[in-house]
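Quick notes on the structure that follows.
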2 protein chains.
Amino acid sequence: MENSEKKFADSENCPVRNVLDRFGDKWSTLVLLVLDDTKVLRFNEIHKMIDTISQKMLAVTLKSLEADGLVLRTQYPEIPPRVEYTLSERGASLIPHIKSLVQWANANFEAITQSRAAYKK
Amino acid sequence: MENSEKKFADSENCPVRNVLDRFGDKWSTLVLLVLDDTKVLRFNEIHKMIDTISQKMLAVTLKSLEADGLVLRTQYPEIPPRVEYTLSERGASLIPHIKSLVQWANANFEAITQSRAAYKK
DNA sequence: TTATTAACTTACTTTTGGTAAGTCAAAGAT
DNA sequence: ATCTTTGACTTACCAAAAGTAAGTTAATAA
């Protein structure tokens, strides 16, 4: 009995599951794209660019991206505080892969929208 | 005043936002990968391969993938029922882009895990 | 003295996802 | 004839994740 049927089970040890758990959240990928687009951004600047994200979720998203070593956080000892976010090298290395997905998205956006509308049930 | 700061706002009309909203759910991408891996699968077979997904979420995930035209559903008029799922052409065209992400995941899995452990705060 | 500012937290509510049981219709077992 | 099994789901209820709004901090400006 082969267990090819278990290839994706067990998210602890499966890199695929692990990374999908990581980026299958609502905001991480978008934040990375925004940082790639503008290189250096402060908290409130990111918040303006993605205006539907809540401050709370932006805070936790940035924190987990930082924990994963994808984003660098630089804090200046001033008041009011100033904090700058940038992609790390590792974060930057992810971008081309995300952009390849984005290209597909742009190419298929219309067709998908139409399928969705036609599906209606 | 330029509004480059609004490039990613408004998820209705932004293909990037739209597609990330679509795949920023917990299961869609995994289901696509599993279907790519085995080509034709029945409901319960997918459920076994991704054993942590609930039947409920597998059902809604498959339904939305079908609505988007990424997955094809074939129902045989038998009892007990038999339903087969496959990738559509459109779904198949997405796979290479997802796999490029997966490769990155495999390559960076260890380093990320270590960063996470070191972060601890 | 009070307002302002940036980068967050905190308390509370809503949405999304998980769990377990139920449905449907026929074939096979008792 | 009634009971059980089977596969692909629903449904009702509960827990976890995300959204909302208000609060915190410390210095400078009004």
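The shown structure was predicted, so the numbers you read here are calculated from the model rather than taken from an experiment. A, B, ... follow the sequence lines: proteins, then strands. Residue 1 opens every chain.
Relative to the side chain of A:Met57, the nucleotides C:dC8, D:dG19, C:dA25 differ in distance, and D:dG19 lies closest. The nucleotide whose nearest atom lies closest to any side-chain atom of A:Ala59 is, among D:dG19, C:dG17, C:dT9, C:dT9.
Residues B:Ser88 and B:Gly69 share a closest heavy-atom pair of OG-O, 2.6 Å. When all heavy atoms are compared, the tightest approach of A:Ile46 to A:Leu58 is CG2-CD1, 3.7 Å. Pairing each heavy atom of A:Ser100 with each of B:Ser100, the nearest pair is OG-OG, 4.3 Å.
Taking atom NZ of B:Lys56 as the reference point, atom P of C:dT23 lies 18 Å away to the nearest angstrom. When the P atom of C:dT16 is taken as reference, atom NZ of B:Lys63 falls 16 Å away, rounded to whole Å. Distance A:Leu41 CG to C:dC8 P: 13 Å, rounded to the nearest Å. Put simply, CG on B:Leu58 is 14 Å from P on C:dT19, counting in whole angstrom units. Between the CG atom of A:Asn44 and the C1' atom of C:dA7 there is a distance of 7 Å, rounded to whole Å. Here the P atom of nucleotide D:dA16 and the CG atom of A:Asp25 are 18 Å apart, to the nearest Å. Going from atom CG of B:Asp51 over to atom P of C:dG18 covers 13 Å, rounded to whole Å. Nucleotide C:dA25 holds its C1' atom 13 Å from the CD atom of B:Gln75, rounded to whole Å.
One N or O on the side chain of A:Ser64 and one on the backbone of A:Thr61 form a donor-acceptor pair closer than 3.5 Å.
A:Tyr76 comes within contact range of no nucleotide atom at all, as no heavy-atom separation falls under 4.0 Å.
Contact annotation: B:Tyr85 does not reach the phosphate of D:dG7 (side-chain N/O to OP1 or OP2, under 4.0 Å). Contact annotation: A:Arg42 does not reach the phosphate of C:dA6 (side-chain N/O to OP1 or OP2, under 4.0 Å). Checking the phosphate oxygens (OP1, OP2) of C:dG18, a side-chain nitrogen or oxygen of B:Trp27 falls inside 4.0 Å. An OP1 or OP2 oxygen of D:dA8 is reached within less than 4.0 angstrom by no side-chain nitrogen or oxygen of B:Lys48. The side chain of B:Arg73 places an N or O atom within less than 4.0 Å of a non-bridging phosphate oxygen (OP1 or OP2) of D:dC9.
For CD of B:Glu78, the number of neighbouring non-hydrogen atoms (other residues, nucleotides, ligands) closer than 6.0 Å is greater than 12.
Residues A:Pro80 and A:Phe43 each lie close to DNA chain C; by heavy-atom proximity, the contact nearer the 5' end of the strand is made by A:Pro80. Residue whose closest nucleotide on DNA chain D sits further toward the 5' end, between A:Pro81 and A:Ile53: A:Ile53. When each of A:Lys26 and A:Gln55 is assigned the nucleotide of DNA chain D with its nearest heavy atom, A:Lys26 is the one assigned upstream, toward the 5' end.
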